[in-house]
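For this chain, numbers begin at 1 and follow the sequence in order.
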Amino acid sequence: VALENAYYNAKSERDAGELDEARDTFESVVRMEIEQNKKVAGVDDADEEDEEDAMDVETVTASKKKLTPLKYHGSWSYKAIKQLVKLHLRSLDEKQVMKDYARMLRVASSPDASISPNALEKGVNGMLDRVSNLISNATAAPPDDDNGDPRALARNVYDLTLDAFHPTSGISPNERLWFKTNLKYGQLLYEMNETAKLQMVIRDLLKSSGQPADILEGNASMDVNTTTTTGGTHVMEIAALQIQLYSRLKDTKKLRAAYHRAMSVRGGIPHPRTLALIQELGGKMHMSQRNFNEASQAFFQAFKSYDEAGDRSRLRCLKYLVMASMLHASSINPFDSHEARAHRDDPEIVAMTNLVQAFHNDDIRKFEQILKKNEGRIMDDEFVREHVADLLRTIRTQVIMRNIGPYTRIRLARIARDLNDIPVEDVESLLVSLILDGKLNGHIDQVNGILVKKTQETSNGGDKDGKNPALGDGSVESRNLASITQLTSALEHLTVMVSKVSSNSTSSFHQQVLQ
């Protein structure tokens, strides 16, 4: 009871902002429990003293001395030391953080403490999350000499954790916790842009899963070992890290190989968020290759996986899905699916909803108005911002093909007005692309600023391939000549038919007279 009261008194002091007093009280909890347990064990303080209890941070991180369990510490000591680590993390006191975190791991490994695996995993994951948050919240300013570098602190905490739970050499071997810690470490290294060390972590993870280091790069000669559900799940989790790495490095070849190999894994049951991350990055890969149809499918699957996980990232993927659908010039509205329809009125999505409607209506003015009005919501996303120019080009191309349909000659200035008064030079660029892609049969008269479409009509007076040489180059004279030729042919055909009818009628009359 005394231990419990002292522990909660220390928490009250911490909550009141009395941090120094709280540290002293938490330390007193540890001393009280050690004394109690020694008395129970019949050990006199003068007979035995745990010298390693005062182990300094240099002993752990510099000399790599193997950690050993601490005696006479119980569950209250574990809780108190855990709170001390949290207090030191607030002040970024790296030396004290490492000293007390090592002490916490040593207490957790001691049989005397009786710390359950679930409590241990929860405590360690909580510490790792706090350390990762230090990196996320770190400013761009250089680290303070008194407080230290949060990146160095994070690396030391993760390294110590991995050493403690290593499946063969750790103080408390725990393969599951070691694997999960390595995954977290890999994600942290990705966020810190430390690609070289991230590659080493990925190799360790693959090795621990019984896979060759190049299995996800498409270079391995053996198939992915997924004889168990756990094996397939681990490969998928590692793949998510590797695909992020290659996406950051812009290594398209390895990214494509890793993505397709990961999606071919069978038997694994990864977390929906892991699967969504792989599919999202796969969609971005397809977008970079301008495979908009495949990108739409990947983003839709990523959206559904994020939705299943209850992750707000589903809205980001829904934006990407809408964008890929428009770039594919698909006539299918992505909001027609019941999964997406539920989010069409979300404040973050409503701009994209209106954008899709304007796109399918070929309403270029409304489309550009929505882009300008919602510039913050749409342009804040770097990936969307990269493809806005492609979106504008796609809808402008659609408007051009619709508006020039009835005409054979049309001024470029008129097309520019239809496209919300864009420069004539931009119109020329769009038309040249359409002509080169074979979507438009014609040429540009740059002297007069006119688009001249070539006619595709045929007539009975044409050659054996159905082409009429009189059609010429599509000029007014050629079209008039073609019309006169068609009229002449029609009149000749009418004359022949009238002659036949008249001849048949005369022959019938003579036969009746002779009878």
Side-chain angles (χ1 to χ4, degrees), residues 37 50-53 55 57 59-79 81-82 85 97-132 154-189 197-198 200-213 215 225-238 241 268-271 274:
N37 289 338
D50 194 348
E51 296 179 356
E52 290 186 341
D53 193 13
M55 181 188 295
V57 64
T59 309
V60 177
T61 59
S63 66
K64 295 294 181 182
K65 184 173 180 180
K66 183 178 175 63
L67 297 176
T68 56
L70 283 177
K71 299 177 182 179
Y72 312 121
H73 290 69
S75 59
W76 289 108
S77 295
Y78 173 78
K79 293 178 181 180
I81 296 171
K82 184 170 68 172
V85 177
V97 167
M98 295 304 299
K99 180 178 179 179
D100 281 332
Y101 186 59
R103 196 157 53 130
M104 175 185 134
L105 295 175
R106 296 172 66 202
V107 170
S109 66
S110 174
D112 297 338
S114 300
I115 306 300
S116 69
N118 288 339
L120 174 60
E121 185 171 340
K122 181 180 178 182
V124 169
N125 285 333
M127 288 299 168
L128 296 179
D129 289 340
R130 285 175 179 270
V131 169
S132 298
R155 283 191 291 268
N156 289 334
V157 168
Y158 270 94
D159 286 340
L160 185 59
T161 307
L162 292 171
D163 288 342
F165 297 111
H166 193 279
T168 57
S169 60
I171 184 177
S172 180
N174 188 324
E175 185 173 1
R176 179 172 179 273
L177 187 52
W178 179 86
F179 186 87
K180 284 193 169 186
T181 300
N182 246 330
L183 285 176
K184 282 177 173 284
Y185 192 24
Q187 190 63 42
L188 179 65
L189 291 171
K197 195 157 188 178
L198 174 56
M200 295 175 60
V201 169
I202 290 173
R203 289 193 189 97
D204 289 343
L205 287 168
L206 286 169
K207 185 178 178 181
S208 72
S209 300
Q211 308 296 340
I215 191 69
N225 179 14
T226 56
T227 54
T228 64
T229 300
T230 303
T233 302
H234 284 181
V235 171
M236 292 288 284
E237 290 172 331
I238 300 167
L241 269 181
I269 309 177
H271 192 281
T274 301

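Atoms OG and NE2, on S172 and H166 in that order, are 13.5 Å from each other to the nearest 0.5 Å. Note that NZ of K79 is 8.0 Å distant from NZ of K82, once rounded to the nearest 0.5 Å. Distance check, rounded to the nearest 0.5 Å: OG of S208 to CH2 of W178 gives 4.5 Å. With values rounded to the nearest 0.5 angstrom, S109 atom OG is found 11.0 Å from M104 atom CE. Taken to the nearest 0.5 Å, the CG atom of L205 stands 4.5 Å off from the CG atom of N182. Distance NZ/K180 to CZ/F165: 13.0 Å, rounded to 0.5 Å.
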- Message: Go through it in stages, so that I can follow the logic: the residues are T233 and T274, the test is side chain to side chain contact (heavy atoms under 4.5 Å, CB included), and I'd like the CA-CA distance, side-chain angles, deciding distance and then a yes or no.
- Response: CA-CA 10 Å; T233 302; T274 301; over 6 Å; no
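Remark: side-chain polar atoms of R106 are paired, donor with acceptor, to backbone N or O of T68 under 3.5 angstrom. Remark: the backbone N or O of L162 is not paired with any side-chain donor or acceptor of T181 at under 3.5 angstrom.
At a threshold of 4.5 Å between non-hydrogen side-chain atoms, the residues V157 and M98 count as touching. Within the 4.5 Å cutoff, no side-chain heavy atoms of P173 are placed close to those of T168. Side-chain contact check for D204 versus F179: every heavy-atom pair is 4.5 Å or farther apart.
Of all heavy-atom pairs between L67 and A102, the closest is CD2-CB, 4.4 Å. What you find for I115 and S75 is that their closest heavy atoms are CD1-CA, 3.9 Å.
With sequence neighbours left out, K197 forms a salt bridge (Lys or Arg N to Asp or Glu O under 4.0 Å) with D159.
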Please list, one pair per line, the donor and acceptor atoms closer than 3.5 Å that link side chains of residues 116-128 to other protein atoms, with sequence neighbours excluded.
unit_1	atom_1	unit_2	atom_2	d
S116	OG	A119	N	3.2
E121	OE1	R176	NH1	2.6
E121	OE2	R176	NH1	2.9
N125	ND2	E121	O	3.2

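Judged by distance alone, the side chains of S132 and Y158 do bring a donor and an acceptor atom under 3.5 Å apart. With no hydrogens or angles considered, a side-chain donor-acceptor pair links Y101 and T161 at under 3.5 Å.
Looking at D100 and R103, a side-chain N of the basic residue comes within less than 4.0 Å of a carboxylate O on the acidic one, giving a salt bridge.
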